[in-house]
**Student:** 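Quick one: structure below, then a few questions.
Just so we're clear, the structure is a prediction, and the values are computed from it rather than from any experiment.
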Amino acid sequence: MKNGRIIKAVLILFILLDVVFLIQSTYAKYRKKIDQNIDIGLANWNIKINNESIADKDTIEGEVIPTFEENEFVKENKLAPGIKGYFDITIDASEVDVSFYYNLSVIVEDAELYPDIKAYGYTIDPENNTEIIDYNGESIEGTIDHNAPLTKIRIY
């Protein structure tokens with residue numbers, strides 16, 4: 001009889017130890033998940049056009065100042081009939097961690113007041129590329145790689 005009580009006591013002790021171990025290991029799993037640190041890097045997305053951030057914007061609000069070319073009859077930066085000029089759009093993607101697509105449209109404000117002002121061509125990277133691409137009123141499109149240096153588009 002005494003041996004039976006000892007065996008029952010030992011069995012109960014083993015069962016209690018198993019239950020305590022089970023509870024402790026269950027809480028340890030949840031505790032480990034709570035103590036974990038998550039390190040997630042978020043991509044930068046700060047595109048600037050002519051030094052103006054375009055976050056939440058559809059249009060550039062800053063002024064775009066054209067340069068009018070000099071000829072034998074007209075001084076530089078003077079507007080006159082038949083004069084040609086250009087303006088630059090500079091896209092700064094140095095703080096952008098993903099490649100992106102751009103789509104530019106040229107709209108002359110108060111076009112009815114200035115019917116002779118029309119975009120006729122553009123060049124991408126005008127310092128190194130002199131080929132003028134015809135512009136027929138459609139959008140200017142392209143892709144810029146992430147963290148790219150300045151991309152200049154000259155519109156004539």
**Student:** For a 4.5 angstrom cut-off between non-hydrogen side-chain atoms, does Thr151 reach Asp125?
**Tutor:**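 They are not in side-chain contact.
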**Student:** To check you understand the geometry: which heavy-atom pair defines the closest contact between Tyr102 and Ile153, and what is its length?
**Tutor:**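 Heavy atoms of Tyr102 and Ile153 come nearest at CE1-CD1, 3.7 Å.
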**Student:** Are side-chain heavy atoms of Ile83 and Phe73 found at a separation under 4.5 Å?
**Tutor:**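 Answer no - side chains too far apart.
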**Student:** Grab the two heavy atoms, one from Val106 and one from Ala119, that are nearest each other, plus how far apart they are.
**Tutor:**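 For Val106 versus Ala119, the nearest heavy atoms are CG1-CB, 4.1 Å.
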**Student:** Can you tell me which residue pairs pass the ring-ring contact (aromatic ring centres under 6.0 Å, His included) test with a partner in residues 124-145, sequence neighbours excluded?
**Tutor:**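 As it turns out, there is no ring-ring contact (aromatic ring centres under 6.0 Å, His included) pair with a partner in residues 124-145 once direct neighbours are skipped.
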**Student:** Around Asn136, counting heavy atoms of other residues, nucleotides and ligands shown, do more than 12 lie under 6.0 Å from its CG?
**Tutor:**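 Result for CG/Asn136: enclosed.
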**Student:** For Asn77 and Thr67: C-alpha separation, side-chain torsions, deciding distance, then whether side chain to side chain contact (heavy atoms under 4.5 Å, CB included) applies.
**Tutor:** CA-CA 6 Å; Asn77 290 327; Thr67 300; 3.5 Å; yes
**Student:** Hey, does the side chain of Thr123 reach the backbone of Glu131 with a donor-acceptor pair shorter than 3.5 angstrom?
**Tutor:**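 Here the side-chain-to-backbone pair exists.
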**Student:** Quiz question: by atom type and distance under 3.5 Å, do the side chains of Asp92 and Ser94 form a donor-acceptor pair?
**Tutor:**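 Distance-only check passes for Asp92 and Ser94.
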**Student:** So which atom in Glu76 and which in Phe68 form the shortest heavy-atom distance, rounded to 0.1 Å?
**Tutor:**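 It is CG-O, 3.4 Å.
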**Student:** Take a 6.0 Å sphere around CD of Glu138 and say whether it holds more than 12 heavy atoms from other residues, nucleotides or ligands.
**Tutor:**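 Result for CD/Glu138: open.
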**Student:** Can you name the closest pair of heavy atoms from Ile132 and Gly121 and give their distance?
**Tutor:**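 Here Ile132 and Gly121 meet closest at CG2-CA, 3.8 Å.
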**Student:** Members other than Ile65 in its cluster, when Ile, Leu, Val, Met, Phe, Trp, Tyr link by side-chain heavy atoms under 4.5 Å?
**Tutor:**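 Under the 4.5 Å side-chain rule, Ile65 groups with nothing.
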**Student:** Between Trp45 and Phe100, how do the two ring planes meet: parallel, tilted or perpendicular, split at 30° and 60°?
**Tutor:**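 Rings of Trp45 and Phe100: perpendicular, over 60°.
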**Student:** Can you name the closest pair of heavy atoms from Tyr122 and Asp134 and give their distance?
**Tutor:**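 It is CE2-O, 4.1 Å.
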**Student:** Can you check whether Val96 reaches Ile144 side chain to side chain, under 4.5 Å on heavy atoms?
**Tutor:**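 No, every pair of side-chain atoms sits at 4.5 Å or beyond.
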**Student:** Locate the shortest heavy-atom distance separating Asp88 from Asn50; write the atom from each residue and the value.
**Tutor:**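 Scanning both residues completely, I find the closest heavy atoms to be O-ND2, 3.5 Å.
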